[in-house]
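For reference, the structure is listed below as structure tokens.
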Amino acid sequence: MVVVFEATHEQLTAKYPAEVNERYPKGRKPWISSIEQYKTMYDQSINDPDTFWKERADELVEFFSPYHTVSSGTIDKGDIRWFDGGKINVSYNCVDRWAKKTPDAVAIIFEADEPGQAKYITYKELLDMVSKAAGTLRSFGLKKGDTVAIYMPMVPEAAVSMLACSRLGLVHNVVFAGFSANSLAERVNDSKATVVITADQGLRGGKVIQTKAIVDEALKSCPGVKNVLVFKRTGAQVNFQEGRDVWWDDALNQQTEFVEPVHVESEDPLFILYTSGSTGKPKGLVHTTAGYLLGAAMTSRYTFDLAQGDVFCCSADVGWITGHTYGVYGPLSLGVTTVIFESLPSYPDASRFWQTVDTHKITQFYTAPTAIRALRRLGDQFVTSNDLSTLRVIGSVGEPINPEAWCWYRTVVGKDSVSVVDTYWQTENGSHLLTPMPFATTTKPGSATFPMFGIVPAILDANSGEELTSTTAKGVLCIKRPWPSIARTILGDHQRYLATYMHAYKGYYFTGDGVLRDEEGYYWIGGRVDDVINVSGHRMSTAEIESAIIENEAVAESAVVGVSDDITGQTICAFVLLQSGLKESDEIKKSIIATVRAEIGPIATPKYLIILDDLPKTRSGKIIRRVLRKVAAGEEDQLGDLSTMSDPSILAGIVSKVHSAF
Ligand code: WTA
């Protein structure tokens, strides 16, 4: 029988005071140990930001030469700069510092796809790998400012590649290895990458992914790429193009010279990461060096109460911002151990996360609500068969966590002896915006609680744009001031950056999320207010999926909406109008799905594909997505004003199609 802990109404609505208990290491004190300490620091971060950030920078990062200005620029102008004049290197901060201080401390634990095959890399070994990888990149003729695309499975070499880029001042562009060849090509070309780092194959949940073959396919349309560095993950026979392709091991083994970190400017770009916005084309967000590093280090320290000796596991893929900041840069900048998890939470069975925690004595664990909900449904026994008593802080990220899942996480995984941190932020932010402090903030299940240091949230009325200043408020979430790790621009399109984030509500950074502030000032994120949908914490734009669907020659028109789902948060529901003369068939549906997978990747596969005879449109011919959203949500009795709809008589047909599809 599947036993699943069900929270009572009292538990779901309770407040959970933060506390240090017997799990907390003797002789250590939390970085933030009371709400008063949080408030004092928060107030300083707002009232005297330059002093606050200077102090944090002094504590957390090392500059080769000092900066002359802590911060400049405004949200309105979009000319934000931090630590101007300083010279710094991220790989030096994340690797060399610790290789000197604690050379034998473990930097990376690699939890491979098959259980029992873990590997350990010390800081000394990591430095050797990063230096050799940097030497290899240099041998390709790359120099500061050039871009390298990284398309890799979750292996330590992915992190080594990122660090090697930063060592030379190269800009990395990590593309999630679940994206299709088309998506990869688009991102390689947009970022003008001349080198791609990849692997022969990937392994996930016992399945083999033909990583190199996807790269080969993509590169057919990337004339700018001169070299491909290929890490052997499985050793399978793969296509190898002499002159272009280079094996990782061979190349690194040839490097005999230690590669010194290049001194880069604080505002030099560190990486580009593509994310979906509300229009079709993904945007390459540009993060710069010093501010991003400090944001990663500071939030890792305070949100997870991290210190040397801790073993931190962030289950997010390096292809997403969470993998960048909390899988790689945050923990390594603090000299702690980071676990790189190659597998799936359900492989070989639903105890995999917890076995990993047990085996490596993980102290802080960070994952997504979708995983928590899926694992909860499979039963508590997968959790309780493992010793999880090393855990002190467990985090959630990527989408709203419902109170049931929150309570299960705390009670079943954490045995009511941990702090749960629900962390809210975005690719654009670089690091946490809203989060509890694990040993200071009283939490409420489902609330990301209060702002991180330096973050001034504002709730705006979506229509009037007016700021709602009363404690209790509901509207769209904006941020009033720049913080060090905010993305500086969209690659090649600063106007779009300004229009999307800085001028949607002039002078405020606009997150795109709805939010509620309760009578005690706690923030509750509601979800996107734009055309972005969030499936298992993966952000996609409806327009992007629609343009992929249209690529199929059978399709005349399409409209994509998000529908809520118990496990994945949202799923994709695609409405399609076929070319005239074509009839709905399984073959056509399969071919449309195949097109989406080829255009974007499996993550964009619609769960529901509904072929309609008509789409609801205004008299001027615009699709009324609101109507489709409501019908898909089963709220056809709440369609609102339909006076602009050209032919309301088609509604009954749409409703009946949706009912039979769901
Ligand atoms: C959503 C992921 C509620 C939100 C770090 C945001 C969340 C988008 C939370 C960013 C949370 C992220 N509670 N919603 N704790 N964390 N989101 O860029 O809609 O992949 O705008 O960054 O995820 O997704 P992204």
Side-chain angles (χ1 to χ4, degrees), residues 174-176 178-179 271-278 282-285 287 292 295-296 299-300 303-304 314-327 329-330 366-373 394-403 405-406 409 420-436 441 443-452 455 457 476-479 485-487 490 500-501 504 509-516 522-542 544 562 564 568-570 603-604:
V174 183
V175 180
F176 172 58
F179 278 121
F271 66 86
I272 303 161
L273 187 60
Y274 285 82
T275 190
S276 296
S278 37
K283 334 174 243 207
L285 289 157
H287 281 281
Y292 171 81
T299 56
S300 296
T303 302
F304 301 108
C314 163
S315 74
D317 195 283
V318 286
W320 311 117
I321 191 69
T322 307
H324 280 59
T325 306
Y326 300 107
Y329 290 122
Y366 195 29
T367 195
T370 186
I372 300 170
R373 289 191 293 262
I394 55 180
S396 169
V397 61
E399 30 164 348
I401 179 164
N402 46 315
W406 193 101
Y409 200 29
V420 176
V421 288
D422 173 11
T423 61
Y424 166 80
W425 62 298
Q426 316 170 290
T427 306
E428 293 84 344
N429 315 146
S431 62
H432 298 149
L433 293 184
L434 301 172
T435 174
T441 310
T443 44
K444 301 184 188 185
S447 165
T449 73
F450 302 121
M452 180 42 87
I455 303 300
V476 293
L477 178 63
C478 293
I479 312 291
S485 66
I486 186 175
I490 292 173
T500 311
Y501 304 115
Y509 165 82
F510 174 51
T511 62
D513 285 299
V515 69
L516 169 94
Y522 283 70
Y523 289 86
W524 302 73
I525 301 293
R528 303 289 306 194
V529 296
D530 52 13
D531 289 325
V532 170
I533 51 182
N534 192 327
V535 182
S536 298
H538 301 158
R539 227 171 117 170
M540 275 167 286
S541 89
T542 51
E544 195 181 341
S564 64
T568 59
Q570 282 187 301
I603 55 169

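Quick note: numbers below take in every heavy atom, side chains included, and nothing from hydrogens, waters or symmetry partners. Whatever order the structure lists ligands and atoms in, that order sets their numbers, starting from 1.
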Note to self: Quiz question: by atom type and distance under 3.5 Å, do the side chains of Ser485 and Ser431 form a donor-acceptor pair?
What the structure shows: yes
Next item on the list: Take the angle between the ring planes of Tyr326 and Phe304 and call it parallel below 30°, perpendicular above 60°, tilted in between.
Entry: perpendicular
Note to self: Between Thr322 and Tyr366, is there a side-chain donor-acceptor contact under 3.5 Å, judged purely by atom types and distance?
What the structure shows: no
Check: Should the pair Glu399-Arg373 be classified as a salt bridge under the 4.0 Å nitrogen-to-oxygen rule?
Finding: yes
Next item on the list: Decide whether Ser276 and Glu544 meet the rule of one side-chain donor and one side-chain acceptor closer than 3.5 Å.
Entry: yes
Check: Who are the residue neighbours of ligand 1 when the rule is a heavy atom under 4.0 Å from any of its atoms?
Finding: Ile321, Thr322, Val397, Gly398, Glu399, Pro400, Asp422, Thr423, Tyr424, Trp425, Gln426, Thr427, Asp513, Ile525, Arg528, Asn534, Arg539
Notebook entry, point to check: Do you know the tightest heavy-atom contact between Leu434 and Leu477?
Noted result: CD1-CD2, 4.2 Å
